[in-house]
Amino acid sequence: MIDSPSTPLSPGELQGLLDTLVKEAPRCFGEGRVASYIPALAEVEPDQFGIAICHADGHVQYAGDAETPFSIQSISKVHALVLAMQRLTPEEIWTRVGREPSGQAFNSIVQLEVENGIPRNPFINAGALMVTDMLTSRLVMPQHTLREQVRRLAADPTIDFDERVARSEMDHKARNAALAYLMQAYGNIQSDVELVLDTYFHNCALSMNCIQLARSFAFLANRGTNPNDGTQVFSEIQTRQMNALLLTCGLYDAAGDFAWRVGLPGKSGVGGGIVAILPRRMSICVWSPRLDSYGNSIAGRHALEGLVSGLRFTPMG
Ligand code: GLU
């Protein structure tokens with residue numbers, strides 16, 4: 001990925017762009033619907049939109065409902081993988097989960113059976129459950145450690161779980177439980193399956209706003225160093241690897257379309273959030289709860305397209 005020589009926007013111009021995106025977002029409010037298969041998520045007011053960017057130096061700009069907390073859901077799969085990549089060897093991780101796009105729905109069970117219980121990548125549910133198992137089999141208090149990890153990345157000790165959402169997911173766990181028990185049947189899950197599920201649901205139920213999420217991803221736009229506290233989270237190689245995985249696998253079975261339209265590494269969640277990385281420049285978080293049929297935020301994706309067009313430089317050209 002090569003930076004184009006165009007001049008980046010000034011902070012004032014960028015703020016103007018963010019404000020414009022907020023004004024344009026209501027055009028998408030008629031489309032899509034909020035996730036309802038997790039009942040606690042169905043109660044969210046659908047017509048909201050927020051956007052925040054965290055520059056590689058840690059400076060934040062935002063607009064709209066950027067301070068409203070929402071359920072981060074699958075975006076947490078990235079935080080969990082970061083923890084795994086920090087604590088386990090590459091062999092320990094990548095022999096148990098793949099690195100290829102799945103082309104299947106995020107919660108599909110079909111591929112898992114055909115491929116002997118090895119999930120395609122860590123960003124579909126089966127893969128995230130596998131990563132969660134890697135962590136639960138090594139950590140004494142896995143939920144606590146995952147929450148601390150996110151707090152550290154965002155440099156914000158107030159971030160916490162929404163216990164109602166976690167309970168709601170546990171009460172409607174059938175599909176995720178089926179994935180986890182199938183992997184156990186293949187001998188690929190090492191810890192207690194119910195503990196893995198509870199840890200995974202809590203991680204998905206972290207409640208954060210756009211500003212906190214953008215901050216927690218800023219190290220991926222800063223060669224692995226967290227600009228919020230100066231700590232080295234990842235090596236430069238790990239940073240490149242994570243961004244590559246986000247580009248190819250981060251948006252479920254719409255990853256190709258997202259790369260076509262936006263051209264940035266990204267991760268979405270069924271809470272309506274999408275995080276994207278402009279390497280060496282900024283991390284971005286957009287949030288709007290109405291989802292398309294793939295489970296991705298409609299207004300969020302539109303806003304990212306608008307942002308990339310307005311920025312005058314992107315990694316893809
Ligand atoms: N907790 C959700 C699930 O397991 C996450 C889905 C998502 O955001 O893609 O179904």
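Computed over heavy atoms, backbone and side chain alike; hydrogens, waters and symmetry mates excluded. One-based numbering, in listed order, for ligands and for the atoms of each. These figures come from a predicted structure and were not determined experimentally.
- Among residues two or more places apart in sequence or in another chain, the salt bridge (Lys or Arg N to Asp or Glu O under 4.0 Å) test is passed with E92 by R138.
- Smallest separation of non-hydrogen atoms from F258 and G266: CE2-CA, 4.3 Å.
- Put simply, CG on L220 and CG on N226 are 10.0 Å apart, with the number rounded to the nearest 0.5 Å.
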In residues 11-18, what donor-acceptor pairs under 3.5 Å come from side-chain atoms, sequence neighbours left out?
residue	atom	partner	partner atom	Å
E13	OE1	S10	N	2.8
E13	OE1	S10	OG	3.3
Q15	OE1	Q61	NE2	3.4
Q15	NE2	D19	OD1	3.3
Q15	NE2	Y62	O	3.0

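- Side-chain atoms of Q48 come within 3.5 Å of backbone N or O of E45 as a donor-acceptor pair.
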Considering only distance and modelled atom types, tabulate donor-acceptor pairs under 3.5 Å from the side chains of residues 116-131, sequence neighbours left out.
residue	atom	partner	partner atom	Å
R120	NE	E115	OE1	3.0
R120	NE	E115	OE2	3.2
R120	NH1	P101	O	3.0
R120	NH2	E115	OE2	2.8
N121	OD1	F123	N	2.7
N121	OD1	I124	N	3.2
N121	ND2	E100	O	3.1
N125	OD1	K77	NZ	2.5
N125	OD1	Y200	OH	3.2
N125	ND2	N176	OD1	2.9

List, pair by pair, the atoms of ligand 1 and of the protein that are both N or O and lie under 3.5 Å apart, giving the separation rounded to 0.1 Å.
residue	atom	partner	partner atom	Å
ligand 1	1 (N)	Q73	OE1	2.6
ligand 1	1 (N)	E169	OE1	2.6
ligand 1	1 (N)	E169	OE2	3.3
ligand 1	4 (O)	N125	ND2	3.0
ligand 1	4 (O)	N176	ND2	2.9
ligand 1	4 (O)	Y200	OH	2.8
ligand 1	8 (O)	S74	N	3.0
ligand 1	8 (O)	S74	OG	2.9
ligand 1	8 (O)	Y252	OH	3.2
ligand 1	8 (O)	V270	N	2.8
ligand 1	9 (O)	S74	OG	2.6
ligand 1	9 (O)	Y252	OH	2.3
ligand 1	10 (O)	Y37	OH	2.5
ligand 1	10 (O)	N125	ND2	3.2

